[in-house]
Undergrad: 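So that we are looking at the same thing, I have put the structure below in structure tokens.
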Amino acid sequence: MLHKKLEPFPKDFFWGASTSAYQVEGANAEDGKGPSCQDVKELPAGTADLATCADHYHHFKEDIALMAEMGFKSYRFSIAWTRILPEGAGKVNQKGIDFYNSLIDECLRYHITPIVTMFHFDMPAALDEKGSWSNPESVQWFEDYAKILFESFGDRVKHWLTINEQNMLTLVGPVIGTLHVPEGTTNLTKEIYQQNHHQLVAQARAMILCHRIIPDALIGPAPNIALVYPASSKPKDILAAENYNAIRNWLYLDMAVFGRYNNLVWAYLKEHDATPAFAKGDEETLKNAHPDFIGFNYYNTATVEASLSWDDDINPGADQQSARGEAGFYKGAENPNLLKTEFGWEIDPDGFRATMRELYDRYHLPLLVTENGLGAYDTLEEDGSIHDDYRIKYLDEHIRQIRLAITDGVEMMGYNPWSAIDLVSTHEGIRKRYGFIYVDTTDEKVGSLKRYKKDSFEWYKEVIRTNGECLY
Ligand code: BGP
């Protein structure tokens, strides 16, 4: 749709950026923190370990001052479960509470709204040993942890996100380092979707609890949502796109918002003999929980074609954003209309608008962009500058799509791209940089950890100052 006049960004739009605890904090064995599944996983070859990352744990004041200089209205970060509960359950680590109190207070000092993710890929290792999300008790573990967070920080934190990218935990657990396969598993799909079910119920319980403990807070899920395109106008490709849309996207949000399994997903699970078992009370819990908004991460769309045989040769895909498929359901395809990043992810700003429109049409809840961004090799010049015009271009094109979506009638709360500051990527090290702030460290060796402003820093500052108007 062409528009003659664009609606402005809302006055209270959350311009900010994101990080996650295990990727940015470092200090992963300090001040009583217990290990998470990320700390004990086998690292992908040649990538930095998680002992230091950007050392945000020790540099957070400096980092938040830089975010404030950019004019951030919000900072989306996650809490490390194992800083609060080193064993995942039981004894609380006061130093962990203290750290997040300081981080939150530091944000508020600059009028930056903290948007807190409760769980971002870092299951406590101690709970992994007890079966992780395959254990039905995991629902209670999460609710107990949630209660501590709401009671400790709820007086100041009014924006909560439950589970980051639950769909990626389910679809690409091995890439992210979170797959837990209990001994004796015979049907892996069934096992994974049972774990997924426990997460859905845990999320529902957390949403209910949040509304009870902090009545003036808002809470929502944060899946990775990307509209799935059919590779052609062949009707069978359209059906394949519907299949993958359901499995990749709608399962998570239909449950969070409506409290029901998407029917295509249920049919797919039946086909795999993989429907999850409901515990007593699950159905009611899922029905009674309601998010106030939808947080979502968007990097690019997906494209699929039909898979018409159980023997189809399928490319299993490399990670969160690359083509995947399942024989008999859909088959990942390249989209010839899109360029790719240096790390092979397609770039699709128009797809961002299409995704926002579709999300709003389905759920009619305000949308908060909790991630979006460009991973690239950046070069630190001798004079301390970093010329990341490619990142500016990517962000510029995506922000424009938000404004178009707003003009299309979509209710948008904010934009928190990935990432505020350089950090360690899920599986490709710190060489894959995303931040507005460069951190001097490499995968091979911990560096000075000095912070440098990239060109995108000044650019984003102006975008925020003018509430997006400078782009036009
Ligand atoms: C999302 C995750 C983030 C993040 C980002 C970029 O899937 O929520 O944790 O890392 O993608 O991905 P990557 O680190 O693989 O480049």
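All figures in this text were calculated on a predicted structure; none of them were measured in a lab.
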Undergrad: Which of these passes side chain to side chain contact (heavy atoms under 4.5 Å, CB included) with Trp459: Ile464, Asp389, Leu395, Asp388?
TA: Leu395

Undergrad: Under 4.0 Å between a side-chain nitrogen and a carboxylate oxygen: does that hold for Glu358 and Arg353?
TA: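 Not counted as a salt bridge, because no side-chain N and carboxylate O are separated by less than 4.0 Å.
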
Undergrad: Do Glu371 and Tyr298 get their side chains close enough for a donor-acceptor pair, meaning under 3.5 Å?
TA: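 Per modelled atom types, Glu371 and Tyr298 side chains form no pair under 3.5 Å.
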
Undergrad: Should the pair Arg400-Glu397 be classified as a salt bridge under the 4.0 Å nitrogen-to-oxygen rule?
TA: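 Looking at Arg400 and Glu397, the cut-off is not met.
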
Undergrad: Using the side chain to side chain donor-acceptor pair (under 3.5 Å) rule, take Asn164 and Asn297 through it: C-alpha gap first, then chi angles, then the decisive distance, then the call.
TA: CA-CA 9 Å; Asn164 179 70; Asn297 302 346; 3.0 Å; yes

Undergrad: Taking the cut-offs as 6.0 angstrom to the six-membered ring centre and 45 degrees off its axis, would you call Arg83 and Phe99 a cation-pi pair?
TA: yes

Undergrad: Ring centres of Tyr360 and His364 under 6.0 Å apart?
TA: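 Between Tyr360 and His364, the centre distance is under 6.0 Å.
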
Undergrad: Is a donor from one side chain sitting under 3.5 angstrom from an acceptor on the other, for Thr426 and Asp319?
TA: no

Undergrad: Under 4.0 Å between a side-chain nitrogen and a carboxylate oxygen: does that hold for Lys287 and Glu284?
TA: no

Undergrad: May I have the step-by-step check of salt bridge (charged side-chain N to carboxylate O under 4.0 Å, His left out) for Glu151 and Lys147, ending in yes or no?
TA: CA-CA 6 Å; Glu151 287 177 348; Lys147 184 161 181 280; 3.3 Å; yes

Undergrad: Answer yes if the side chains of His387 and Asp378 hold a donor-acceptor pair under 3.5 Å, and no otherwise.
TA: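 Checked: His387/Asp378 side chains show no N/O donor-acceptor pair below 3.5 Å.
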
Undergrad: Which residue in the set Asp216, Asn288, Asp292 passes side-chain hydrogen bond (donor to acceptor under 3.5 Å, both in side chains) when paired with His211?
TA: Asp292

Undergrad: OG1 of Thr441 to CG of Asp422: how many Å apart, nearest 0.5 Å?
TA: 10.0 Å

Undergrad: For Gly375 and Phe343, which heavy atoms make the closest approach, and how far apart are they?
TA: O-CD1, 3.5 Å

Undergrad: Could you walk me through whether Tyr261 and His197 pass the side chain to side chain donor-acceptor pair (under 3.5 Å) test, one step at a time?
TA: CA-CA 10 Å; Tyr261 271 98; His197 178 79; 2.8 Å; yes

Undergrad: Check whether the side chains of Glu62 and His59 place a donor and an acceptor atom closer than 3.5 Å, and report yes or no.
TA: yes

Undergrad: Ignoring hydrogens and angles, state whether a donor on the side chain of Asn262 or Tyr252 is under 3.5 Å from an acceptor on the partner side chain.
TA: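 Short answer, no.
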
Undergrad: Could you go through Asn224 and Gln321, starting from their C-alpha distance and side-chain angles, then the distance that decides it, and tell me whether this counts as side chain to side chain donor-acceptor pair (under 3.5 Å)?
TA: CA-CA 9 Å; Asn224 173 323; Gln321 304 303 140; 2.6 Å; yes

Undergrad: Quick check: closest heavy atoms across Ala206 and Ile219, and the distance to 0.1 Å?
TA: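 Shortest heavy-atom separation between Ala206 and Ile219 comes out as O-CD1, 4.1 Å.
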
Undergrad: What orientation do Tyr268 and Tyr193 show, parallel under 30°, tilted 30 to 60°, or perpendicular over 60°?
TA: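 Tyr268 and Tyr193: perpendicular rings.
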
Undergrad: Is the distance between the ring centroids of Tyr415 and Phe9 under 6.0 Å?
TA: no

Undergrad: With a 6.0 Å cut-off on the ring centroids, do Trp418 and His120 count as close?
TA: yes

Undergrad: Could you tell me if Arg433 sits above the aromatic ring of Tyr438, with its cationic atom closer than 6.0 Å to the ring centre and no more than 45 degrees from the axis?
TA: yes

Undergrad: Give a yes-or-no answer on whether the side chains of Asn28 and Asp39 include a donor-acceptor pair shorter than 3.5 Å.
TA: yes

Undergrad: Take a 6.0 Å sphere around NE2 of His111 and say whether it holds more than 12 heavy atoms from other residues, nucleotides or ligands.
TA: no

Undergrad: Between Ser232 and Asp237, is there a side-chain donor-acceptor contact under 3.5 Å, judged purely by atom types and distance?
TA: yes

Undergrad: Of all the heavy-atom pairs spanning Thr301 and Glu346, show the shortest one and how long it is.
TA: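 Minimum heavy-atom separation between Thr301 and Glu346: O-OE1, 3.9 Å.
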
Undergrad: I'd like to know whether the aromatic ring centres of Phe150 and Trp160 sit less than 6.0 Å apart in this structure.
TA: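 Centroid separation for Phe150 and Trp160: below 6.0 Å.
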
Undergrad: Can you tell me how far the CG atom of Asn300 sits from the CG atom of Leu339, to the nearest 0.5 Å?
TA: 12.0 Å

Undergrad: Within 45° of the ring axis of Phe457 and under 6.0 Å from its six-membered ring centre, is that where the NZ or CZ of Arg451 lies?
TA: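 Here Arg451 fails the 6.0 Å and 45° test against Phe457.
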
Undergrad: Quick one: do Thr19 and Tyr75 satisfy side chain to side chain donor-acceptor pair (under 3.5 Å)? Show the steps, please.
TA: CA-CA 8 Å; Thr19 61; Tyr75 172 35; 2.8 Å; yes

Undergrad: State, to 0.1 Å, how close Ile430 and Leu423 come at their nearest heavy-atom pair, and which atoms those are.
TA: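 It is CG1-O, 3.4 Å.
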
Undergrad: So, are Arg357 and Asp361 salt-bridged, with charged N and O less than 4.0 Å apart?
TA: no

Undergrad: Could you tell me how the ring of Phe119 sits relative to the ring of Phe142: parallel (under 30°), tilted (30 to 60°) or perpendicular (over 60°)?
TA: perpendicular

Undergrad: Find out whether Trp250 and Leu359 are in side-chain contact, i.e. whether some heavy atom of one side chain is under 4.5 Å from a heavy atom of the other.
TA: yes

Undergrad: Report the C-alpha distance between Met207 and Arg212 in whole Å, list the side-chain angles of each, state the deciding distance to 0.1 Å, and finish with yes or no for side-chain contact (heavy atoms from CB on, under 4.5 Å).
TA: CA-CA 9 Å; Met207 292 197 291; Arg212 209 168 65 222; over 6 Å; no

Undergrad: Working to the nearest 0.5 angstrom, can you tell me the gap between Thr466 OG1 and Leu471 CG?
TA: 6.5 Å

Undergrad: Can Arg362 be said to sit on top of Phe258's aromatic six-ring, NZ or CZ under 6.0 Å from centre and within 45° of the ring axis?
TA: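 No, Arg362 and Phe258 do not form such a contact.
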
Undergrad: Got a salt bridge between Lys450 and Asp440, using NZ or NE/NH1/NH2 to carboxylate O under 4.0 Å?
TA: no

Undergrad: Heavy atoms only: give me the nearest Ala27-His58 pair and the separation to one decimal.
TA: CB-CE1, 4.0 Å

Undergrad: Distance check, rounded to the nearest 0.5 Å: Leu103 atom CG versus Asp98 atom CG?
TA: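 Leu103 CG to Asp98 CG: 12.5 Å, rounded to 0.5 Å.
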
Undergrad: Taking Glu69 first and then Lys453, would you say they form a salt bridge - that is, a charged N and a carboxylate O separated by under 4.0 Å?
TA: yes

Undergrad: Please work out which of the three classes, parallel, tilted or perpendicular, describes the rings of Phe121 and Tyr22, given edges at 30° and 60°.
TA: tilted

Undergrad: For the aromatic rings, using the six-membered ring if either is Trp, is the centroid distance between His56 and Phe77 under 6.0 Å?
TA: no

Undergrad: Taking atom types as modelled, is there a side-chain donor on Asn249 or Tyr244 under 3.5 Å from an acceptor on the other?
TA: no

Undergrad: Going from CG on Asp105 to CZ on Phe153, what distance comes out if it is rounded to the nearest 0.5 angstrom?
TA: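 Reported to 0.5 Å precision, the distance equals 10.0 Å.
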
